[in-house]
Amino acid sequence: MLRGGNMTNSIDQEVLIIGAGSSGICMGIQLKKAGIEDFVILDKAGGVGGTWYHNTYPGAECDVQSHLYSFSFEPKLDWSRPFGGQAEILQYLNFCTDKYGLRDRIKLDTEVASITWDDSNEVWTTVTKAGESICSRIVVSALGMFNNIVWPKIKGRELFSGEYFHSARWNHNIDLHGKKVGVIGIAASAIQFVPEIVDHVSELHLFQRTANWVVPKNNTPYTEQELLAFREEPSLVAASRNETYRLWNTLATFTEKEILSKIEKSGLARIAEVTDPKTREALTPQHPFGCKRPLFSDVYYPIFNKKHVRLNTTDIDSITSKGVITSDGLLTELDVLIYSTGFETTTYLSAIDVKGKNGVSIRDAWSDGPQAYLGISTHGFPNLFMLYGPNTNQGCILVMIEEQVKYIIRRLETMRAEGVVMSDIKKDVMRKFNDQLQDDIKGIDVWQHACGNDFYYRAGPSGRFVTQWPKSMDDFARETAKLDGNCYE
């Protein structure tokens, strides 16, 4: 139970999970299956679902086919289309929460302010923004990559007199009909919501810094006949999942040049449908597919054939009360500004105040960029495990998360069987793992190109790649399945 007051030697929960998104839900389900019932899940939001709870912008949907982007132990037979939308995914996560009895283990509207390791008593104390504290033997961070949103550092941003909001916190109370709308940041979210709003606005101005690869998605809704077949023959969904897994397992390492070439050709074919030659040129990427986060859409490029859509590639100088001034001195007057500038993808658990052994801050431990053994354990922070941690972004993240959860469950079971109360990854084990990881990343050509803002992959002045797993999902499953008792102290 949550309680007020200072740290004590008592244990309120054996396991505390931070985050009730896909990772936290999966962790809770597998803890119960393993017979570990003494746990609580905290989340700052008013509902479960993580990124799928917060990101409600028009057209929000997954970029991985939903037959794969769902838990292997809970297949959904009636996804309405190959790539599920936000509402459908959120409904699925709520269904899993209820089916596996997690609802009473989750404390919503409970934002974590800090977690601190007590060297003497070998426990973690988690303190919420409301001043409540909870002591636990184990902490599992399920914060992931898409936690803190990014607002661009543009001069005069606060001076704009019109309406504005971030796409990750869409303001549904603002009516865009007949408005002059500007969008700053043209990447994963923008290519989904822009086609949804384009026919409602009087003018649409897109401010693009770097052209991205936006390749076909093929997200035609399933027919009633197909859905009936999926419901009556679950093996068809399993076959679809397996085929999708094989596709992403191969594609995700970005080393199959023939496949990458075909993907680029399909993207260029879509760009060729844009009638204005200058706009076509501005939309054509100057870097290889995979250098930045790949984007998928069937409906993005056609909007540029509409007369009221403008693509602006001139650098933004400042924002005034009336709109956006670019470096050429031109003012674009706007009624509404939408910032689609993404997330602090390289922050991970350092988004909150974490202090490990001897009071060392995780921000200091990660001064050279976030790093962990298998993306799960960081030296100096015992009994602390991460889901969707450093260098675990690859292919289908739910597949990767399930492997991480299996690993953590095995570690907890080992600790319980051996009577171990404190387990810390050895420093040299973590260092060797991450040195090899960075060497492997250097072998992936597309990630070595200059492709504009690549902070999605890299962290800080060190330039370390801290988000991507450089091998296949199969490789990650094999790595996390190894016996590693000698890796911990």
Side-chain angles (χ1 to χ4, degrees), residues 19-30 48-57 59-97 99-100 142-146 168 188-189 191-192 215-222 226-227 230-231 234-253 293-298 343 345 375 387-388 392-406 456 467-469 472-474 476-477:
S22 303
S23 301
I25 291 169
C26 185
M27 189 74 228
I29 291 171
Q30 297 306 329
V48 305
T51 189
W52 298 111
Y53 174 86
H54 290 293
N55 286 263
T56 62
Y57 61 80
E61 62 186 20
C62 192
D63 280 342
V64 174
Q65 295 91 326
S66 291
H67 285 160
L68 183 60
Y69 192 86
S70 47
F71 298 129
S72 62
F73 54 83
E74 189 56 53
K76 176 177 164 65
L77 305 180
D78 58 351
W79 291 103
S80 64
R81 58 186 64 207
F83 300 83
Q86 176 266 338
E88 200 169 8
I89 296 171
L90 185 59
Q91 182 183 45
Y92 170 77
L93 292 174
N94 272 281
F95 168 80
C96 292
T97 298
K99 177 176 178 178
Y100 292 93
L143 292 180
M145 287 173 56
F146 306 113
S189 299
I191 66 155
Q192 293 185 342
V215 299
K217 194 165 190 175
N218 302 318
N219 198 22
T220 303
Y222 291 122
E226 287 174 312
L227 289 173
F230 287 146
R231 294 187 191 102
S235 61
L236 295 176
V237 173
S240 174
R241 179 184 177 89
N242 291 337
E243 179 58 32
T244 303
Y245 180 93
R246 285 192 291 271
L247 170 67
W248 282 100
N249 198 48
T250 301
L251 173 62
T253 56
R293 178 183 176 179
L295 308 178
F296 305 87
S297 175
D298 298 321
F343 303 84
T345 56
L387 297 170
Y388 206 172
T392 59
N393 195 48
Q394 185 61 291
C396 175
I397 189 56
L398 288 199
V399 172
M400 299 287 282
I401 286 169
E402 284 199 49
E403 298 302 332
Q404 294 162 56
V405 168
K406 291 177 188 176
Y456 183 84
T467 61
Q468 303 308 103
W469 171 252
S472 68
M473 293 185 290
D474 279 349
F476 189 77

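Quantities reported herein were computed from a predicted structural model and do not represent experimental measurements.
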Do Ser240 and Gln65 meet the criterion of a side-chain donor-acceptor pair at a distance under 3.5 Å? no
Spacing of CG belonging to Asp63 relative to CG belonging to Asn219, to within rounding of 0.5 Å: 9.5 Å
Could you tell me whether the side chain of Asn393 and the main chain of Gln468 form a donor-acceptor pair under 3.5 Å? no
Please tell me if the side chains of Glu61 and Ile89 come closer than 4.5 Å, counting only heavy atoms from C-beta onward. no
Trp52: side-chain hydrogen bond (donor to acceptor under 3.5 Å, both in side chains) partners, not counting sequence neighbours: Tyr69
Okay, side chain of Gln30, backbone of Val405: is any donor-acceptor separation there less than 3.5 Å? no
So CG of Leu387 and CE of Met27: to nearest 0.5 Å the spacing works out to 6.5 Å
Starting from the C-alpha separation in whole Å, work towards a yes-or-no answer on side-chain contact (heavy atoms from CB on, under 4.5 Å) for Ile397 and Met400. CA-CA 5 Å; Ile397 189 56; Met400 299 287 282; 3.9 Å; yes
So, taking the atom named OG1 in Thr392 and the one named CD in Glu403, what distance separates them when rounded to the nearest 0.5 Å? 12.0 Å
Contact check, side chains of Phe95 and Lys76, non-hydrogen atoms, under 4.5 Å: no
Taking the six-membered ring for Trp and the full ring for Phe, Tyr or His, determine whether the centres of Tyr92 and Trp79 are under 6.0 Å apart. yes
Gln86 and Tyr57: side-chain contact (heavy atoms from CB on, under 4.5 Å), yes or no, with the steps? CA-CA 9 Å; Gln86 176 266 338; Tyr57 61 80; over 6 Å; no
Side chain proximity check, Thr250 to Arg246, heavy atoms < 4.5 angstrom: no
Spacing of CG belonging to Leu77 relative to CG belonging to Leu236, to within rounding of 0.5 Å: 10.0 Å
Just jot down the side-chain hydrogen bond (donor to acceptor under 3.5 Å, both in side chains) partners of Tyr100, sequence neighbours excluded, or say none. Glu74
Please find the pair of heavy atoms, one from Ile191 and one from Phe296, that lie closest to each other, and give the distance. CD1-O, 3.6 Å
Could you check Ser297 against Gln192 for side-chain contact (heavy atoms from CB on, under 4.5 Å), going step by step and ending with a plain yes or no? CA-CA 7 Å; Ser297 175; Gln192 293 185 342; over 6 Å; no
Evaluate Cys26 against Gln404 for side-chain contact (heavy atoms from CB on, under 4.5 Å), listing each step before the verdict. CA-CA 10 Å; Cys26 185; Gln404 294 162 56; over 6 Å; no
Looking at Asn249, is its backbone amide N or carbonyl O close enough to the side chain of Asp474 to form a donor-acceptor pair, meaning the two atoms are under 3.5 Å apart? no
Is a donor on one side and an acceptor on the other found under 3.5 Å between the side chain of Glu88 and the backbone of Ser80? yes
Looking at every heavy atom in both Glu226 and Pro221, which two are closest together, and how far apart are they? OE1-O, 4.4 Å
Least distance between heavy atoms, Leu93 atom then Phe71 atom: CD2-CE1, 4.2 Å
Which pair of heavy atoms, one from Arg231 and one from Asp78, lies closest together, and at what distance? NE-CB, 3.8 Å
How far apart are the closest heavy atoms of Ser22 and Leu398, and which atoms are they? CB-CD2, 3.5 Å
What I'd like to find out is whether the side chain of Ser70 reaches to under 4.5 Å of the side chain of Arg241, using heavy atoms alone. yes
May I ask you to decide if Met473's main-chain N or O and Gln394's side chain share a donor-acceptor pair within less than 3.5 Å? no
So, the side chain of Arg81 versus the backbone of Tyr222: is there a donor-acceptor pair under 3.5 Å, distance only? no
Exercise: identify the closest heavy-atom pair between Tyr388 and Ser23: CB-OG, 4.3 Å
Are Ser72 and Glu402 close enough that some pair of their side-chain heavy atoms sits under 4.5 Å apart? yes
Note, Leu90 side chain near Tyr53 side chain (heavy atom, < 4.5 Å): yes
